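Here the structure is a predicted model, which is why all the values come from computation and not from measurement.
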Amino acid sequence: MKDKPCFILDNERELISECISGNRIMQNTLYAQFASVMIVVCLRYAKSRSDAEEILQEGFIKVFTCLHQYKFAGSLEGWIKKIMINCALQRLRNKNLMYPIVHAEAAAEELGEKDGILEGITAKELILLIQNLPNMCRLVFNLYVFESMKHREIAKLLNISEGTSKSNLHDARILLQQRLSKQNSFINLNSGA
């Protein structure tokens, strides 16, 4: 059993080596192995499926261009995921869509604290709700919730203050909670008919 992780690592090293040398079959193999996971990451940062697909393509171009820089220090999936996130952020920077939203509202209940707020919602519906958040709220929410980044890291990455990061996370949670409540009310009205 101890040999199996080495075998997997050797296969991964061989796959990466072949991709670096330009082997199209191995590049397609790498793409096929990670594309379905990475499109979900891209969907969280994009406004639409077509935007997410463009980010995915840009990301994989970058992956293949920079694959020689991968040092096997962490998982290949994590390294690719970081590239996808950076491509999504760069795309938003290029479109000047990254602007902070700051509200001085009093603190509200955290998303999900209400009983049953996430009941009856699919992963696809949740992604759509996240996609419809204002840009900065969406970015901060994704980085904090899905990437487990601290506000200090988010602030540095997005070139905003830690307070702005916290405020945007707060706003994202309030907006999601409101939209989830509306959706649950709609579901409850229709199920009673």
Handout entry: Working for side-chain contact (heavy atoms from CB on, under 4.5 Å), residues Ile85 and Leu89
Key = CA-CA 6 Å; Ile85 293 167; Leu89 295 176; 4.1 Å; yes

Scan the side chains in residues 63-70 for donor-acceptor partners under 3.5 Å anywhere in the protein, sequence neighbours excluded, and list what turns up.
{"from": "Thr65", "atom 1": "OG1", "to": "Ile61", "atom 2": "O", "distance (Å)": "2.7"}
{"from": "His68", "atom 1": "ND1", "to": "Thr65", "atom 2": "O", "distance (Å)": "3.3"}
{"from": "Tyr70", "atom 1": "OH", "to": "Gly74", "atom 2": "O", "distance (Å)": "2.4"}
{"from": "Tyr70", "atom 1": "OH", "to": "Leu76", "atom 2": "N", "distance (Å)": "3.0"}

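- Here the OG-NE2 distance, from Ser167 to His151, works out to 10.0 Å after rounding to the nearest 0.5 Å.
- Residue Gln131 holds its CD atom at 12.5 Å from OH of Tyr45, rounded to the nearest 0.5 Å.
- Counting heavy atoms from C-beta on, the side chains of Phe146 and Ile130 come closer than 4.5 Å.
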Exercise for the section: Show your working on side-chain contact (heavy atoms from CB on, under 4.5 Å) between Leu158 and Thr164 and close with a plain yes or no. Expected result: CA-CA 10 Å; Leu158 300 180; Thr164 300; over 6 Å; no

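- A single hydrophobic cluster is seen to contain both Leu126 and Leu143, as judged by linkage of ILVMFWY side chains at heavy-atom distances under 4.5 Å, directly or through other members.
- The side-chain heavy atoms of Phe72 and Glu12, taken from C-beta on, include a pair separated by under 4.5 Å.
- Under a 3.5 Å cut-off, the side chain of Ser17 and the backbone N or O of Arg13 do not form any donor-acceptor pair.
- Arg152 places no side-chain N or O within 3.5 Å of a backbone atom of Glu162 that could act as its donor or acceptor partner.
- Other residues, nucleotides and ligands contribute only 12 or fewer heavy atoms inside 6.0 Å of the NZ atom of Lys62.
- Taking CZ of Phe141 as the start and CZ of Arg173 as the end, the distance is 7.0 Å to the nearest 0.5 Å.
- Connection of Leu30 to Ile55 is not established within any shared hydrophobic cluster, with ILVMFWY side chains joined at heavy-atom distances below 4.5 Å, either directly or through further cluster members.
- The shortest distance between side-chain heavy atoms of Ile80 and Met84 falls below 4.5 Å.
- Atom CE in Met136 sits 5.0 Å away from atom CD1 in Ile160 (nearest 0.5 Å).
- When each of Leu169, Ile174, Asp171 is checked for a side chain to side chain contact (heavy atoms under 4.5 Å, CB included) with Cys137, only Asp171 meets the rule.
- Once rounded to the nearest 0.5 Å, the distance linking CD of Gln177 with CG of Leu129 reads 12.5 Å.
- Between Cys87 and Gly59, the shortest heavy-atom contact is SG-CA, 3.6 Å.
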Going by atom type alone, with no hydrogens or angles, which donor-acceptor pairs under 3.5 Å involve a side-chain atom of residues 31-44 and a protein atom two or more places apart or on another chain?
{"from": "Tyr31", "atom 1": "OH", "to": "Gln57", "atom 2": "NE2", "distance (Å)": "2.9"}
{"from": "Arg44", "atom 1": "NH2", "to": "Glu147", "atom 2": "OE2", "distance (Å)": "2.6"}

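- Looking at Asn86 and Lys82, their side chains come closer than 4.5 Å, going by heavy atoms from C-beta outward.
- We find that Glu53 and Arg49 are joined by a salt bridge, their nearest charged nitrogen and carboxylate oxygen being less than 4.0 Å apart.
- Counting heavy atoms from C-beta on, the side chains of Asn132 and Arg179 come closer than 4.5 Å.
- Under a hydrophobic clustering in which Ile, Leu, Val, Met, Phe, Trp and Tyr are joined whenever their side-chain heavy atoms come within less than 4.5 Å, directly or via other members, Leu128 and Leu175 fall into different clusters.
- Note that CD1 of Ile154 is 10.5 Å distant from NZ of Lys166, once rounded to the nearest 0.5 Å.
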